[in-house]
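Scroll down for the structure; my scribbles are underneath it.
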6 protein chains.
Amino acid sequence: MPLINIKITRDGATAEQKARVIQGVTNLLRDEMGKNPQTTVVIIEEVDTDNWGIGGETVTVLRARK
Amino acid sequence: MPLINIKITRDGATAEQKARVIQGVTNLLRDEMGKNPQTTVVIIEEVDTDNWGIGGETVTVLRARK
Amino acid sequence: MPLINIKITRDGATAEQKARVIQGVTNLLRDEMGKNPQTTVVIIEEVDTDNWGIGGETVTVLRARK
Amino acid sequence: MPLINIKITRDGATAEQKARVIQGVTNLLRDEMGKNPQTTVVIIEEVDTDNWGIGGETVTVLRARK
Amino acid sequence: MPLINIKITRDGATAEQKARVIQGVTNLLRDEMGKNPQTTVVIIEEVDTDNWGIGGETVTVLRARK
Amino acid sequence: MPLINIKITRDGATAEQKARVIQGVTNLLRDEMGKNPQTTVVIIEEVDTDNWGIGGETVTVLRARK
């Protein structure tokens with residue numbers, strides 16, 4: 001009955017991409033750890049680039065510089 | 001001073017329902033564990049059904065099938 | 001299918017207290033929001049008082065002062 | 001490679017304020033714990049006042065009373 | 001730069017199993033969403049069965065009944 | 001009333017270091033966002049290096065290679 005929380009930047013991930021990630025993570029935990037897929041819960045959180053920092057800068061600023 | 005994080009699917013919970021859940025959880029932790037309600041914090045996060053998976057499928061897909 | 005995460009300071013909460021909180025929160029979400037108890041998951045995390053701060057001080061320090 | 005998650009009420013924090021908080025937390029963990037800023041990740045989550053409770057009441061209600 | 005948090009019950013998962021899950025999730029996010037593996041962070045949290053509830057009961061109690 | 005969760009690898013951070021980080025983050029949110037320090041909560045979680053992955057490998061493995 002694992003719980004998986006995935007945080008990504010909000011970049012237009014499609015419903016199909018999210019569905020494949022949910023299925024893939026659920027299968028991975030079944031295959032590698034024997035976890036029951038029926039009670040595996042996956043939550044995806046999409047975070048604005050203004051609200052995500054790495055190396056002391058926001059992703060918004062990092063991308064603008066490139 | 002407990003912190004409680006509640007994740008639910010985004011399904012139109014009203015402000016009144018959320019207020020009752022906040023009050024109920026706060027009272028429960030006071031009654032069962034002696035926690036001080038004044039410093040009990042409850043946060044409710046509402047998650048889109050495309051972003052919530054159980055059993056390897058999104059809640060969007062599971063509900064469409066019913 | 002709500003997910004509830006409860007963080008408390010590590011203060012010797014008993015298995016019975018934790019079981020009652022788990023049951024109480026599950027019932028509360030059923031009663032106030034119509035959530036299915038069978039898929040409600042509650043996780044309790046106990047945090048050392050050195051690792052919990054409020055008002056800029058650790059709980060260890062706050063309690064020692066009293 | 002610390003991960004920092006900051007939850008605040010949604011009150012109109014500007015991109016500049018969020019950028020300064022991200023930089024400040026990253027510097028703090030470098031200065032106090034020797035953590036590498038390049039792999040320090042900070043995420044800010046803004047929560048509606050209806051979804052944040054303290055003392056058993058929502059922030060919406062607490063502010064309306066004042 | 002996704003962040004993945006995986007909560008499982010504390011059941012003796014080995015370092016090898018955890019390493020394979022970390023690698024698998026990282027590859028999945030690269031393959032399905034184009035995320036950079038170098039900045040993908042995965043954290044696994046193991047939770048005592050007394051502290052994990054589903055259906056209103058702790059996993060400790062559910063397993064003892066079987 | 002911000003909530004801050006800081007995850008670091010378990011590397012022997014001292015109580016004094018943790019206390020300074022708690023104070024520093026609390027002051028930062030007061031100074032940059034006007035948040036009330038009295039209700040600012042900071043939690044530090046220390047994670048075993050077997051349970052922390054970056055770039056698809058555990059920190060245990062990454063450090064052994066160096």
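Chain A is the first sequence line, chain B the second, and so forth, proteins listed ahead of strands; every chain is numbered from 1. What you see below is based on every heavy atom in this structure, not just the backbone, and it leaves out hydrogens, waters and symmetry mates. As the structure is a prediction and not an experimental result, all values here were calculated from the model.
- With a 4.5 Å cut-off on non-hydrogen atoms, A/Asp11 touches chain E through its side chain but not through its backbone.
- Of the two parts of A/Val59, only the side chain, counted from C-beta on, holds a non-hydrogen atom closer than 4.5 Å to a non-hydrogen atom of chain E.
- With a 4.5 angstrom heavy-atom cutoff, E/Leu29 touches chain A only via side-chain atoms.
- The parts of E/Lys18 that come within reach of chain A are both its backbone and its side chain, each placing non-hydrogen atoms under 4.5 angstrom from that chain.
- With a 4.5 angstrom heavy-atom cutoff, E/Ile54 touches chain A only via side-chain atoms.
- The shortest side-chain heavy-atom distance between E/Ile4 and A/Ile4 falls under the 4.5 Å cut-off.
- In terms of non-hydrogen atom pairs under 4.5 Å with chain E, the most contact-rich of A/Lys35, A/Gln17, A/Met1 is A/Met1.
- For the atom pair CG (E/Leu28) and CG (A/Leu28), the distance works out to 7.5 Å, reported to the nearest 0.5 Å.
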